[in-house]
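Heavy-atom basis, side chains included; hydrogens, waters and symmetry copies ignored.
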Amino acid sequence: MSDLPADSGGLAVRLLGPVEISAGERRCEHMPLGLRVLLSVLALSANRVVAAGALIEALWGEEASRARERNLHAQVYQLRRRLAELEPGAGAERLVTAPPG
C-alpha cells in the first residue's frame, strides 16, 4: 500500500475508502469488484509472489481449477491494461508472473 500524493509521479494504490490507483495526475478509480479485490491482495503483498490458488480463493472463495485459472488470467490481463494506461511503458512491468503465482 502506498500513500503517495497524486502528483508525486509514482504509482499510488489506495486501499482505505474506495480502492483506486493513480500515477501522477492519472487516476483509475472505477474498477469492477474483481479487479479491486485482485489489486488489494497484490498491493498488500507488494514485492512478493502470491500463489495463484491464494488469488483464486480471494477472488471467488473457491479452490483452484482450470476454469478459475483462466478467469484469473483474464483478471490479471485487465489489471495490467489499467496499469499500462496509467503508466505508459512501465505499467506492465508492475505486475509480473513468477512461479507459483
Side-chain angles (χ1 to χ4, degrees):
M1 178 171 71
S2 175
D3 194 20
L4 297 172
D7 62 354
S8 71
L11 183 71
V13 177
R14 290 176 180 77
L15 300 175
L16 299 175
V19 174
E20 65 179 41
I21 48 179
S22 63
E25 297 297 318
R26 296 181 175 157
R27 287 190 190 284
C28 182
E29 299 168 328
H30 305 290
M31 291 187 289
L33 177 61
L35 289 185
R36 293 192 314 256
V37 170
L38 179 60
L39 174 64
S40 298
V41 171
L42 293 173
L44 291 170
S45 302
N47 300 315
R48 289 180 283 169
V49 175
V50 181
L55 294 172
I56 290 169
E57 173 69 29
L59 284 163
W60 296 287
E62 299 176 8
E63 290 186 23
S65 67
R66 284 194 183 269
R68 283 300 181 206
E69 286 179 12
R70 285 191 298 272
N71 294 143
L72 176 60
H73 289 287
Q75 292 286 329
V76 170
Y77 171 78
Q78 291 298 322
L79 184 55
R80 280 188 176 126
R81 282 188 52 215
R82 293 188 186 235
L83 290 171
E85 289 171 4
L86 288 174
E87 294 183 296
E93 297 171 8
R94 295 251 184 216
L95 187 55
V96 296
T97 301

For [X] and [Y], which heavy atoms make the closest approach, and how far apart are they?
{"X": "Trp60", "Y": "Leu72", "result": "CH2-N, 3.6 Å"}
{"X": "Ala64", "Y": "Glu69", "result": "CB-OE2, 4.2 Å"}
{"X": "Gln75", "Y": "Gly34", "result": "OE1-C, 3.5 Å"}
{"X": "Glu62", "Y": "Arg68", "result": "OE1-NE, 2.9 Å"}
{"X": "Leu79", "Y": "Leu35", "result": "N-CD2, 3.8 Å"}

Backbone of Met31 reached by a side-chain donor or acceptor of Arg36 within 3.5 Å: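 Yes; judged by distance alone, with no hydrogens or angles, the pair exists.
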Flag, side chain of Arg27 to backbone of Ile21, donor-acceptor distance under 3.5 Å: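 Between the backbone of Ile21 and the side chain of Arg27 there is no qualifying donor-acceptor contact (under 3.5 Å).
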Arg80 and Thr97: CA distance, side-chain angles, deciding distance, side-chain hydrogen bond (donor to acceptor under 3.5 Å, both in side chains) verdict: CA-CA 11 Å; Arg80 280 188 176 126; Thr97 301; 3.0 Å; yes
Pairwise distance OG(Ser65) to CG(Asn71) - rounded to 0.5 angstrom: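 Taking OG in Ser65 and CG in Asn71, the distance rounds to 7.5 Å.
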CG-CG distance between Leu38 and Leu95, expressed to the nearest 0.5 angstrom: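 One finds 7.0 Å between CG of Leu38 and CG of Leu95.
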Cluster check Ile56, Leu33: I/L/V/M/F/W/Y, side chain < 4.5 angstrom: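 Yes, because Ile56 and Leu33 connect within a single hydrophobic cluster, where side-chain heavy atoms sit under 4.5 Å apart.
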hydrophobic_cluster_shared for Val49 and Val37, side chain cutoff 4.5 Å: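 Hydrophobic grouping puts Val37 apart from Val49.
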Is there side-chain contact between [X] and [Y], with heavy atoms separated by less than 4.5 Å?
{"X": "Val19", "Y": "Arg14", "value": "no"}
{"X": "Leu11", "Y": "Leu83", "value": "yes"}
{"X": "Gln78", "Y": "Pro32", "value": "no"}

